[in-house]
Amino acid sequence: MTRITGVSLRRVLDSRGNSTVEADVLTESGGFGRGAAPSGASTGEYEAIELPASESIAKAREHAVPRLEGVYAGDQRAVDNALRAADGTDDFSAIGANSAVAISMAAAKAAADVLGAPLYQHLGGAFRGENFPVPLGNVVGGGEHAKEATHIQEFLAAPVGAPSVSEAVFANAAVHAAVADVLDERGVPAAKGDEGAWAPPISDAEAFEVVDEAVDRVEAEVGFEIRFGLDMAAAELYDDDREAYVYGDETKSADEQIEYVAGLVDEYDLAYVEDPLDENDYEAFAELTDRVGDRTLICGDDLFVTNVERLEDGIEAGAANSILIKPNQIGTLSDAFDAVELAARNGYETVISHRSGETEDTTIAHLAVATDAGYIKTGTVGGERTAKLNELVRIADDAV
Ligand SMILES: O=C(O)[C@@H](CO)OP(=O)(O)O
Ligand SMILES: [Mg+2]
């Protein structure tokens, strides 16, 4: 049935034109699955290690593939344990988290193929598929995703009142288009950043005005509530030597950063703020969560890196109230699921996420439905983003 008979790996392109790893898994009854690894730019210090694609492929062919033959793809933990055993380190620095996550996802798809179930049902079980995540749609970007643009990495449309995932997805696309209109009316030219968001050469303050205006216009059109949120990726802004957050010529201490973010939450009724503080500052995260956690999601991305140990520390400290889930940050689907379960047991919302470097792989759309995640962050437009968004629409339409 789902016993693995073959694993093949190849180097393919990601959305930045870089090399990444794609894995095919075959099973004895002819099951087939394919997975491709994403890649981050604003990576967390504690993420699993991504090796150069060719090196990761060579190492995985040598150490992982022989161990996987004979393993049942339907037993995801056995697949992922074999990957961990083949690597032998705690951060996949031997075979690369890129080959590991590609194989982990491909095996899950091969098993679903054999079992004749959609991936979300294979991963989540027979009672999943009724709840859909709110898509957080990147509409203005800067930080590590675009040069000469905003310091804040992402401004994210959040169609929290959308009656369906399809209407939510289209609302985000409409906000993305409305941002272009508002920029045009202001005479601001804009290219797009790594994730397809507009990357205008404007200040953060002006970006808030533009996004607020665009969201208001679309909300009036669609007739349901649309808010917006941020990924501040503040670890990229934090200067260890100066012990301050650097915004061009200005700096903010941790206390000033907390005040700044708390003010933004109230001024713009932000639905979501990801990584508002440095990845090592659990205490400041806890203070901000205390201040605004009753009316917005404070999400740990670089803080937690989909890692249960770091999430346990965060729960202990009262840091954040949601976690970003990225399988390639930790290396396998089993590890990502463990983080989701720990979060759910402790009342933390989960946000399944893409990376800035992506492919047409749609696994995270299924992962979001399989885990009843409240949110998914996977862009707004662009082929590697619409691949996932359209897969969510297909899942809702029972067409997968
Ligand atoms: O910071 C993030 O949340 C991700 C996705 O937006 O970006 P990157 O993949 O560059 O880490
Ligand atoms: Mg982030």
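For ligands, and for the atoms within them, numbers begin at 1 and follow the listed sequence. As the structure is a prediction and not an experimental result, all values here were calculated from the model.
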Colleague: Using a distance-only test with no angle check, is there a side-chain donor-acceptor pair under 3.5 angstrom linking Asp255 and Ser253?
Modeller: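 Short answer, no.
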Colleague: For residues Tyr238 and Glu236, is any side-chain donor paired with an opposing acceptor at under 3.5 Å?
Modeller: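 No, because no side-chain N or O of Tyr238 sits under 3.5 Å from a partner of the opposite role on Glu236.
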Colleague: Would you indicate whether Glu185, at its atom CD, is surrounded by more than 12 heavy atoms from other residues, nucleotides or ligands within a distance under 6.0 Å?
Modeller: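 More than 12 heavy atoms, drawn from other residues, nucleotides or ligands, come within 6.0 Å of this atom.
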Colleague: Please report whether ligand 1 has a polar contact with Gly357, defined as an N or O pair separated by less than 3.5 Å (distance criterion only).
Modeller: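 No; every N/O pair is 3.5 Å or more apart.
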Colleague: For Asp301, counting its heavy atoms only, list the atoms of ligand 1 lying under 4.0 Å from any of them.
Modeller: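 In order of numbering, the contacting atoms are 1 (O), 2 (C), 3 (O).
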Colleague: With respect to the Mg ion (ligand 2), what is the nearest N, O or S atom of Asp301?
Modeller: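 The Mg ion (ligand 2) is closest to the Asp301 atom OD2, counting only N, O or S.
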Colleague: Identify, by atom number and element, the atoms of ligand 1 in contact range of Lys326, meaning under 4.0 Å from any of its heavy atoms.
Modeller: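 Numbered from 1, ligand 1 contributes 1 (O), 2 (C), 3 (O), 4 (C), 11 (O).
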Colleague: Can we say Glu259 and Lys252 salt-bridge, meaning some charged N sits less than 4.0 Å from an Asp/Glu carboxylate O?
Modeller: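 The answer is no: the pair does not qualify as a salt bridge.
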Colleague: Any idea which atoms of ligand 1 are less than 4.0 Å away from a heavy-atom of His145?
Modeller: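 So the atoms of ligand 1 that pass are 6 (O), 7 (O), 8 (P), 10 (O).
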Colleague: I need the atoms of ligand 1 closer than 4.0 Å to a non-hydrogen atom of Gly40, numbered in the order shown.
Modeller: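 Checking each atom against Gly40, I get 8 (P), 9 (O), 10 (O).
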Colleague: Of all the atoms in ligand 1, which lie at a distance below 4.0 Å from a heavy atom belonging to Glu274?
Modeller: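 Those atoms are 2 (C), 3 (O).
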Colleague: With no hydrogens and no angle check, do the side chains of Gln257 and Tyr247 hold a donor and an acceptor under 3.5 Å apart?
Modeller: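 The answer is yes; a qualifying pair exists.
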Colleague: Distance only, no hydrogens: is a donor on one side chain within 3.5 Å (strictly under) of an acceptor on the other, for Thr359 and Asp361?
Modeller: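 Thr359 vs Asp361: no donor-acceptor pair found between side chains.
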Colleague: From the options Val12, Asn328, Ile57, select the one residue that forms a side chain to side chain contact (heavy atoms under 4.5 Å, CB included) with Val21.
Modeller: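 The side chain to side chain contact (heavy atoms under 4.5 Å, CB included) with Val21 is passed solely by Ile57 among Val12, Asn328, Ile57.
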Colleague: Return the closest protein heavy atom for atom 5 (C) of ligand 1 as residue, atom name and distance.
Modeller: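 Nearest neighbour among protein heavy atoms for atom 5 (C) of ligand 1, to 0.1 Å: Glu195 OE2, 3.2 Å.
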Colleague: Going by the order shown, which atoms of ligand 1 are within less than 4.0 Å of some heavy atom of Arg355?
Modeller: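 Atoms satisfying the 4.0 Å criterion: 8 (P), 9 (O), 11 (O).
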Colleague: State whether Asp231 contributes an N/O/S atom found under 2.8 Å from the Mg ion (ligand 2).
Modeller: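 It does: Asp231 brings an N, O or S atom closer than 2.8 Å to the Mg ion (ligand 2).
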Colleague: Run the numbers for me: atoms of ligand 1, each under 4.0 Å from some heavy atom of His354, listed by number.
Modeller: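 By the 4.0 Å cutoff, the relevant atoms are 5 (C), 6 (O).
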Colleague: Using a distance threshold of 2.8 Å, state whether an N, O or S atom of Glu274 lies below it from the Mg ion (ligand 2).
Modeller: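 Yes, since at least one N, O or S atom of Glu274 sits under 2.8 Å from the Mg ion (ligand 2).
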Colleague: Which ligand 1 atoms are under 4.0 Å away from a heavy-atom of Gln153?
Modeller: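 So the atoms of ligand 1 that pass are 1 (O), 2 (C), 7 (O).
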Colleague: Regarding ligand 1, does Ser353 bring an N or O atom to under 3.5 Å of one of the ligand's N or O atoms?
Modeller: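 N/O-N/O distance under 3.5 Å: no.
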Colleague: Judged by modelled atom types alone, do Gln329 and Thr306 share a side-chain donor-acceptor pair under 3.5 Å?
Modeller: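 Yes, Thr306 and Gln329 have a side-chain donor paired with an acceptor closer than 3.5 Å.
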Colleague: Thr363 and Lys388: side-chain donor and acceptor closer than 3.5 Å?
Modeller: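 There is no such pair between these side chains.
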